[in-house]
Amino acid sequence: QVQLAESGGGLVQTGDSLRISCAASGGSLSSLAMGWFRQAPGKEFEYVASITRSTGWTYYSDSVKGRFTVSKDNARNTVDLQMNTLQPEDTAVYYCAARSTLATFTAYSRREDYEFWGQGTQVTVSS
């Protein structure tokens with residue numbers, strides 16, 4: 001059973017940067033496709049970014065493209081989300097998600113595509 005633990009959330013100001021991390025245990029990132037999602041108060045659950053299992057190809061939602069970068073470190077078994085030029089609308093609880101897969105080139109953007117979830121980390125951007 002894969003377990004995911006997010007860390008690094010906090011309170012920042014508009015325009016600041018923040019890096020959040022997801023540590024995986026009970027499974028190797030080399031066999032997992034990973035994703036980041038977020039949910040703001042009163043808003044729907046939202047896809048943020050994903051990274052493929054093997055090639056490390058990355059994909060982003062339009063709302064974060066150009067500002068956020070997802071990366072993985074198979075040796076550390078961690079996935080990071082570097083967030084730049086943060087805006088108040090980025091305020092949300094950010095969740096890490098994982099899916100066991102043999103697919104090399106496939107990334108996933110739907111909530112139902114993922115099997116394992118972290119507890120989330122709060123990111124608050126003040127205006």
Side-chain angles (χ1 to χ4, degrees):
Q1 181 81 356
V2 174
Q3 294 184 322
L4 304 173
E6 301 94 338
S7 63
L11 172 65
V12 297
Q13 295 184 337
T14 298
D16 283 353
S17 297
L18 190 67
R19 189 179 189 92
I20 58 177
S21 293
C22 173
S25 59
S28 171
L29 285 189
S30 61
S31 63
L32 299 170
M34 304 295 294
W36 284 96
F37 291 77
R38 66 187 182 186
Q39 187 163 30
K43 294 189 176 181
E44 292 188 353
F45 204 75
E46 180 187 12
Y47 163 75
V48 175
S50 54
I51 186 166
T52 58
R53 175 186 70 83
S54 178
T55 59
W57 293 352
T58 57
Y59 300 86
Y60 303 91
S61 67
D62 288 342
S63 61
V64 308
K65 195 175 297 182
R67 300 188 298 123
F68 289 14
T69 302
V70 59
S71 61
K72 62 188 294 189
D73 185 332
N74 284 353
R76 294 172 53 233
N77 231 33
T78 57
V79 177
D80 291 347
L81 185 68
Q82 175 68 42
M83 304 181 290
N84 298 329
T85 320
L86 282 161
Q87 303 297 314
E89 52 265 35
D90 295 316
T91 295
V93 177
Y94 283 73
Y95 297 93
C96 174
R99 172 192 172 114
S100 298
T101 181
L102 295 177
T104 302
F105 305 110
T106 306
Y108 304 91
S109 61
R110 301 181 307 168
R111 184 178 189 174
E112 56 266 35
D113 289 331
Y114 289 90
E115 306 167 76
F116 309 105
W117 292 86
Q119 294 299 307
T121 186
Q122 176 71 47
V123 173
T124 303
V125 185
S126 64
S127 57

Open item on the list: Between R19 and Q82 (side chain of the first, backbone of the second, donor and acceptor by atom type, cut-off under 3.5 Å), is there such a pair?
Closed with: no

Open item on the list: For a quick test of reading the model, state the closest non-hydrogen atom pair linking S50 to A107 and the distance between them.
Closed with: OG-CB, 3.5 Å

Task: Check: Y94 main-chain N/O paired with Q39 side-chain donor or acceptor under 3.5 Å - done: no

- [ ] Measure the OG-CZ distance between S61 and F68 for me, rounded to the nearest 0.5 Å.
- [x] 8.0 Å

- [ ] If a pair satisfies salt bridge (Lys or Arg N to Asp or Glu O under 4.0 Å) and one of its residues is in residues 116-125, list it, with sequence neighbours excluded.
- [x] none

Open item on the list: Suppose the criterion is disulfide (SG to SG under 2.5 Å): which pairs have a residue in residues 72-111, not counting sequence neighbours?
Closed with: C22-C96

Open item on the list: Between W36 and Y59, does the ring pair (Phe, Tyr, Trp, His ring centres under 6.0 Å) criterion hold? Intermediate values first, please.
Closed with: CA-CA 10 Å; W36 284 96; Y59 300 86; over 10 Å; no

Open item on the list: Count I, L, V, M, F, W, Y as connected when their side-chain heavy atoms are under 4.5 Å apart, and connections chain through other members. Are F37 and F116 then in the same cluster?
Closed with: no

Task: Derivation and outcome, side-chain hydrogen bond (donor to acceptor under 3.5 Å, both in side chains), residues T124 and Q122 - done: CA-CA 6 Å; T124 303; Q122 176 71 47; 3.2 Å; yes

Open item on the list: Parallel, tilted or perpendicular, judged at 30° and 60°: which one describes the rings of F45 and Y95?
Closed with: tilted

Open item on the list: Please check this pair: side chain of Q119 against backbone of E6, looking for a donor-acceptor N/O pair closer than 3.5 Å.
Closed with: no

Task: Aromatic ring proximity Y60/Y47, centre distance under 6.0 Å - done: no

Open item on the list: Is it the case that the side chains of S71 and D80 hold a donor-acceptor pair, with the cut-off being a distance below 3.5 Å and no angle test?
Closed with: no

Open item on the list: Closer than 3.5 angstrom, by distance alone: can the side chain of R53 be matched with the main-chain N or O of T106 as a donor-acceptor pair?
Closed with: no

Open item on the list: Under 3.5 Å, is there a donor on one side chain and an acceptor on the other for S31 and S28?
Closed with: no

TODO: Check whether any side-chain heavy atom of L29 lies under 4.5 Å from a side-chain heavy atom of V79, and answer yes or no.
DONE: yes

- [ ] For the pair N77 (side chain) and G27 (backbone), establish whether a donor and an acceptor sit closer than 3.5 Å, ignoring hydrogens and angles.
- [x] yes

Task: Validation row: L81, V48 side chains within 4.5 angstrom (heavy atoms) - done: yes

Task: Distance, nearest 0.5 Å, that separates CG of D113 from CD of E115 - done: 10.0 Å

Task: Nearest-0.5 Å distance, OG1 of residue T14 to CG of residue L86 - done: 8.5 Å

Open item on the list: Taking the basic N atoms (NZ, or NE/NH1/NH2) and the acidic carboxylate oxygens, is any pair closer than 4.0 Å for D90 and R38?
Closed with: yes

Task: D73 side-chain N/O to R76 backbone N/O, donor-acceptor pair under 3.5 Å - done: yes

TODO: Spell out, yes or no, whether V70 and Y114 are grouped together once hydrophobic residues are joined by side-chain heavy atoms under 4.5 Å, including indirect joins.
DONE: no

TODO: State plainly whether one hydrophobic cluster holds both V2 and I51, where clusters connect Ile, Leu, Val, Met, Phe, Trp and Tyr through side-chain heavy atoms under 4.5 angstrom apart.
DONE: yes

Task: Side-chain donor or acceptor of T101 paired with backbone N/O of A33 under 3.5 Å - done: no

Open item on the list: On a heavy-atom basis, which atom in I20 and which in G9 lie closest, and how many Å separate them?
Closed with: CG2-N, 3.8 Å

- [ ] Answer with yes or no whether the hydrophobic clustering places M34 together with W117; edges join I, L, V, M, F, W, Y residues whose side-chain heavy atoms lie under 4.5 Å apart.
- [x] no

- [ ] Measure from NZ or CZ of R99 to the centre of the six-membered ring of Y108, then state whether that distance is under 6.0 Å and the direction lies within 45° of the axis.
- [x] yes

Open item on the list: Hydrogens and angles aside, do E46 and S63 bring a side-chain donor and acceptor to less than 3.5 Å of each other?
Closed with: yes

Task: Audit row: S127, Q87, side-chain hydrogen bond (donor to acceptor under 3.5 Å, both in side chains) steps and yes/no - done: CA-CA 8 Å; S127 57; Q87 303 297 314; over 6 Å; no

- [ ] Rounded to the nearest 0.5 Å, what's the gap from OG1 on T52 to CZ on F105? Could you check?
- [x] 8.5 Å

Task: Hphob cluster co-occupancy, L18 + V93, side-chain heavy atoms under 4.5 angstrom - done: no

Open item on the list: I'd like to know whether N84 forms a side-chain hydrogen bond (donor to acceptor under 3.5 Å, both in side chains) with S17, so could you lay out the CA-CA distance, the side-chain angles of the two residues, the decisive distance to 0.1 Å, and finally the verdict.
Closed with: CA-CA 4 Å; N84 298 329; S17 297; 2.9 Å; yes

